[in-house]
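In what follows, a single structure is set out as structure tokens and then discussed.
A note on names: the letters A, B, ... follow the listed sequences, proteins ahead of strands, and every chain is numbered from 1.
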Amino acid sequence: MTSDRPAVLTLEGLQGLIEALAAEGYRVLGPTRRDGAIVYDAIAGLDDLPAGWGDEQDGGRYRLVERGDAALFGYAVGPHSWKRELHPPHLTLFRTRREADGFSVEAAADEPEPTAFLGVRACELAAIAVQDRTFLEGPQADPHYARRRAGSFLVAVNCGEPAGTCFCVSMETGPRARGGYDLALTELLDAAGHRFLLEVGSERGRALAERLDARPAEAADLAASRAVSERAAGRMGRRMETGGIKALLQENQEHARWDQVAERCLSCANCTMVCPTCFCTTVEDTSDLSGETAARVRRWDSCFTLDFSYIHGGTVRGSTKARYRQWMTHKLASWYDQFGVSGCVGCGRCIAWCPVGIDITEEVAAIRGEKNPESAG
Amino acid sequence: MASPTRKPRLAVWKFASCDGCQLSLLDCEDELLAVAGALDIAYFMEATRGRIEGRYDLSLVEGSITTAHDAERIREVRRRSRRLVTIGACATAGGIQGLRNFADVAEYAAAVYARPDYIATLATSTPIAEHVPVDFELRGCPISKRQLLEVVSAFLAGRRPVTPAHSVCVECKLRGTVCVMVAHGTACLGPVTHAGCGALCPAYDRGCYGCFGPKETPNPASLSGRLAALGMDGGQLGRVYRSFNANAPEFRQESQRHGRQDEPQDDQG
């Protein structure tokens, strides 16, 4: 492959792509089936991919299902997001040691391995772009995120199988990747065979693609790839009306719906943990028994905990209502004020992984005063 | 802080309990010498002979109050302790023996003992904090060794221990465990349970049993709705909250909402 013209990879070609990434020194992560879900983990080749598996998702429910075909990427998104890699759950920031005249501080080593992500969905590319704004733009870039981001090679795979909880079309983030990737694949599984349309999105991507055994794409391949995305776009399980959403939420802070959702909300923080854009952390300082050393560890935090808004004198958001309202209003409204975009990419994880199935699209519709036909009541 | 010339004196006290939590201290193995180096272990029946005398800088109290004698003894322990930390579900919630709070203790005693008249016991099992002021409560059945070391280290440094009160779900998500309730339909108390175990059971494909008791601002009523949808009937919902932390207020009230009509009702509920 020698140009930016789309090409076509066979299954062997895809294996070649994984091997080429590994040969370039990347740790290759991709989808794999484990513990009843499709999670992201280290992969060595096609055998690690969840061939023939898809998922069924609804509020508070996720199940793997056999597809009856050989699709390697025939699922939507699972419990993990790439946030785990770019913004790790735990990160030691520094260690200190008591000295004769005070104490010394030593920054913790932070040399992340270059990592290739295989199977990044369009909604996830959008989420990474949202986190780029959070961590890289503005006066204080986060060096840990920056290092991981610079060392990441993104292989997008266009979504062909949205879940019942998906609404990327509403958020205008998918289902087709529109940039932000190094390489993008579309899995094609039709009479012409099991193959992948390969598109180049960066210089790095081009350099890698040139080393792959691929044939130029024909018009039929391009049409098939477009058809995959069109079909996916027509099969969104959820929708969210986003017109005027910032004002809607910011002007309805005393809406009765907040009380109703608080009756159901467990304040367990699952939604924020699985959200690919939620970025909040706290720091935990620990010292050893001898009092000689101490360490500061950053870990994921959530606006659903009491500690999150604890300041001198107490917790600002004591009620679950206040915490749910804060989360949703930040995500869908004040994120625009802060970062210029919505904090929601429509991946639906917060719906599926909420133990009681609270549905952000249903909450928005309720505050709008619309009856949501999807709502079970 | 204690003066540098004298190590803080540690005491470990046992009330109604199984000893599992205080054994967590001996289980520290690698860190035990460091504990002994940092503290003067002045009273710890599981490890050394010792006598109750003088004052203690840090008292770790295991167990619940189930007898009139213990209700008096804990006052003496409090009087002798600069800091009193309760460890484990018995001490912080009343323990599994708190099940008596839902039943007639005389009936129990008659069923179990040949001579129930030899048994001098209170009608209830109650946490230490219902009897004396407690400086810090460390949850768990049993407690986590890691958290115990954290509490002791924090005491020595004069700082607040890092033992977050959020849900077990946060711990599952931090370690990357797939949610057993959402993905498998397994009943799980994780969303209403206090973190601390590191989300042990879900990592082994089991639902959370609630060993660390209610988390901050729990919502068991909402969770029960989900558990019912997963197939639990009223009797099961009445029992699922009744284990080691049955007497913790939020678990007690939720279990009573689903409980039998003939059992003693909770006057605090």
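Atom CG in A:Asp288 sits 10.5 Å away from atom CG in B:Leu149 (nearest 0.5 Å). If you take OG1 on A:Thr286 and CZ on B:Arg159, they are separated by 6.0 Å, rounding to the nearest 0.5 Å. Here the SG-CG distance, from B:Cys172 to A:Asn270, works out to 8.0 Å after rounding to the nearest 0.5 Å. Rounding to the nearest 0.5 angstrom, the gap separating the CZ atom in A:Arg299 from the CG atom in B:Leu174 is 6.5 Å. Taking CD from B:Glu216 and OG1 from A:Thr315, the interatomic distance works out to 7.5 Å, rounded to the nearest 0.5 Å. Once rounded to the nearest 0.5 Å, the distance linking CG of A:Leu306 with NZ of B:Lys215 reads 7.5 Å.
Of the two parts of A:Arg84, only the side chain, counted from C-beta on, holds a non-hydrogen atom closer than 4.5 Å to a non-hydrogen atom of chain B. Only the backbone of A:Ala262 comes within contact range of chain B, judged by heavy atoms closer than 4.5 Å. Within the 4.5 angstrom heavy-atom criterion, atoms from both the backbone and the side chain of B:Val35 approach chain A. Of the atoms belonging to B:Arg175, it is backbone heavy atoms, and not side-chain ones, that fall under 4.5 Å from chain A. In this structure, chain B has no heavy atom under 4.5 Å from any part of A:Ser290. Of the atoms belonging to A:Asp58, not a single heavy atom falls under 4.5 Å from chain B.
Panel note: side chain B:His166, backbone A:Ala269; no donor-acceptor pair is recorded below 3.5 Å. B:Asp205 places no side-chain N or O within 3.5 Å of a backbone atom of A:Asp35 that could act as its donor or acceptor partner. Looking only at distances, a side-chain donor or acceptor of B:Arg226 sits under 3.5 Å from a matching main-chain atom of A:Pro355.
Chain A is approached within less than 4.5 Å, heavy atom to heavy atom, by B:Val178, B:Cys179, B:Met181, B:Val182, B:Ala183, B:His184, B:Gly185, B:Pro191 from residues 177-193 of chain B, ordered by number. Contacts between residues 133-145 of chain B and chain A, defined by a heavy-atom separation under 4.5 Å, are made by no residue at all.
Around the CD atom of A:Glu263, the shell of radius 6.0 Å holds no more than 12 heavy atoms that belong to other residues, nucleotides or ligands. A:Phe94 CZ: more than 12 foreign heavy atoms inside a 6.0 Å radius. In the displayed structure, A:Glu292 atom CD is contacted under 6.0 Å by more than 12 heavy atoms of other residues, nucleotides or ligands.
Between A:Val356 and B:Ser222, the shortest heavy-atom distance links the atoms CG1-OG, 3.6 Å.
Counting heavy-atom pairs closer than 4.5 Å to chain B, the top-ranked of the candidates A:Pro88, A:Gly60, A:Gly36 is A:Gly60. The most heavy-atom pairs under 4.5 Å with chain A, out of B:Ala221, B:Pro161, B:Gly225, B:Gly176, come from B:Gly176.
Contact annotation: the side chain of A:Ser302 never approaches that of B:Lys173 to less than 4.5 Å [non-hydrogen atoms, C-beta and beyond]. A 4.5 Å side-chain heavy-atom check between B:Leu156 and A:Leu289 finds at least one atom pair inside the cut-off. A:Arg323 has its side chain within reach of B:Thr217: a pair of non-hydrogen atoms, C-beta onward, lies under 4.5 Å apart.
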